[in-house]
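Shown next, in structure tokens, is the structure this report addresses.
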Amino acid sequence: MIETIWLTVKLAGLTTILLLLLGTPLAWWLARSKSWFTEVIGTLVALPLVLPPTVIGFYLLLALGPDSPVGQVTQSLFGTTLPFTFEGLLIASCLYSLPFVVQPVRNAFEAIGDNPLEAAATLRASPVDRFFSIALPLARPGLITGTVLGFAHTVGEFGVVLMIGGNIPGETRVLSIAIYDYVESLQWTEAHILSGGLVAFSFLVIFITMSVEKKRKARA
Amino acid sequence: MNFCLTGHIRGRLESFTLDAELNIPAEGVTALFGPSGSGKSTILKSIAGLLKLENSSLRVFEKDWQTDREFLAPHKRPIGYVFQDARLFDHLNVEKNLVFGLKRSNEKDQLLPRDEVYTLLGLTPMLHRSVRTLSGGEKQRVAIGRALLSSPRLLLMDEPLSALDRQAKDEIIPYLERLKRRLRIPILYVSHDMREIERIADHILLLDTGRVVGEGPLIDILSNPDYPFVGSDAAASIISGTIRAYHASDHLTELEVKGQAFLLPGNIGEIGSRHRVRIAASDVSLAKEKPSKTTILNILPVQVHEILPSDEGRVNVTLHLGDTDPVSLVARISSRSLSSFDFKKGQSVYAQIKGVPIIERK
């Protein structure tokens, strides 16, 4: 059980970190670019919100499988393919949780508007400088929301894990799968511990984030 | 004249085409005056590089900032920009806002020491406050300080007072006057409020629907009948003089203008210092002979220079004080007085100035 919990935390943690690193620049671009192409990418990013997780899992299985170009590259480099590995699951999680990080961060960037960035430009701040010294700090509430949502959503994913990860203990067997297993095999006690734990955990995370933000706002 | 900025800003705006040739003097405050929507802010943004208008050109301090091929990025232009809405950074406190540009500029280019900027603008007591708790006037003072500390060679001010109420405006103007005396860099000041301009500008550029329709020293433009100011009901003249004495018993300062003594209430400044006075045309009346029984303190011998067409029973008369290189004054009198006294061009009369003229203080 501890192994399962640790694996879930590791998966959600790594997914969140990767999404913050990759999703923030993407959100910045989506918020600032004025090209028609922006909305095409924006729609693609939002797709996991509406698609059944099984659809994403199915296409990822094909895209990463041994017959695909990606699969052949990973096969020749590492001697294995990504489906049913932790790394494969990580990629799937990133895709699946992408909109939950990108959307709030993009909204926060858009809310900043041009004004503070223009002011910073007249104060000798280069574009990169403006991103780090103005945009990121001002988008803080959006970054926090994105982090919480990305982490929580990854912890709660089920369909995608089932399709691409399977149920390998220590490798791809995360909490949601374990709970499903316990219920199937009528191990109610274990199912209760994990489910109740998840409810408590989720409540705490959201509650603490909200309180911290509220305090920070009141102080400012 | 020596210019710090020459250029031509062209571009299509919503309702008209901007086509403004700019020559900004290398010294003093140049006001960019025009009605709302005449393109003033667009010009300022183009100078700062926040807006890129094709077919425009800018040459500032002997360097090309914009040509057909080149466009200098805004953060590489040594300007200070004061926006209408302050635009302080909410996530930083007052002091961190103030040093934002300072940290990113070269220390040896510093205009004034940091502490002096704080003192000049009265910022010292608020350094550790959050910018969210500042009043509108305080915010704008921080914004001005922030711009100055970034070591600009040209200061651009985009209607810095227009978002403020009357009280906050009156609070800030003395700071601007002090700054102007202390700073050596040219300032381009955008405004649609003649009252502000009369208090701080040296030169003026008149803008109308995207074109420059007049430019020159403020004092000349104000009294030139080719421009709408001297004939208007808000006409005013600006004269400058040197302080000769302070009469402590009467609380009056004596200002010398063209050999004439001009008495002003209060202790204005040091003896020998130069100040300028704004006299509203409606505060000036005329007399054929020197009035002897009157409470009015300032009565000056002048010549009638020009009588402008009347509107609604009032007429503006421009007057000259002094024979060589005369100073202009404007009087707004009724058409009836004009005809009954039969004032004529070149005639010697007396101008009586009532009310308290607005003066630049230290």
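We name chains A, B, ... by the order of the sequence lines, and we start the count at 1 in each one.
Heavy atoms of B/K45 lying under 4.5 Å from chain A belong exclusively to its side chain. For chain B, no part of A/R140 is nearby; none of its heavy atoms comes within less than 4.5 Å. Looking at B/R87, the atoms closer than 4.5 Å to chain A (heavy atoms on both sides) sit in the backbone and in the side chain alike. Proximity to chain A (any heavy atom under 4.5 Å) is restricted, for B/A147, to the backbone atoms N, CA, C and O. For B/N93, no part lies under 4.5 angstrom from a heavy atom of chain A.
The minimum heavy-atom distance between B/F83 and A/A119, with the atom names listed, is CE1-CA, 3.6 Å.
Going from atom CD of B/Q84 over to atom CG of A/N115 covers 10.5 Å, rounded to the nearest 0.5 Å. Of the inter-residue distances, the one linking B/L92 atom CG with A/I134 atom CD1 reads 6.0 Å to the nearest 0.5 angstrom. Atom CZ of A/R124 is separated from atom CD1 of B/I79 by 6.5 Å, given to the nearest 0.5 angstrom. Taking CZ of B/R104 as the start and CG of A/D129 as the end, the distance is 4.0 Å to the nearest 0.5 Å. Within the model, atoms CZ of B/F89 and CG of A/L117 stand 8.0 Å from one another, a figure rounded to the nearest 0.5 Å.
By the 6.0 Å contact criterion, CE on A/M210 is open, its count of non-hydrogen atoms from other residues, nucleotides or ligands being 12 or less. Within 6.0 Å of CZ on B/R182 lie no more than 12 heavy atoms contributed by other residues, nucleotides or ligands. For A/E171, the CD atom counts as densely surrounded, since its 6.0 Å shell holds more than 12 non-hydrogen atoms of other residues, nucleotides or ligands. Shown here is B/F16, whose CZ atom has more than 12 heavy atoms of other residues, nucleotides or ligands within 6.0 Å. No more than 12 heavy atoms of other residues, nucleotides or ligands lie within 6.0 Å of OH in A/Y180, so this atom counts as exposed by the packing criterion.
Among A/P137, A/P127, A/A125, the residue making the largest number of heavy-atom pairs under 4.5 Å with chain B is A/A125.
Between the side chain of B/H75 and the backbone N or O of A/A120, no donor-acceptor pair lies under 3.5 Å.
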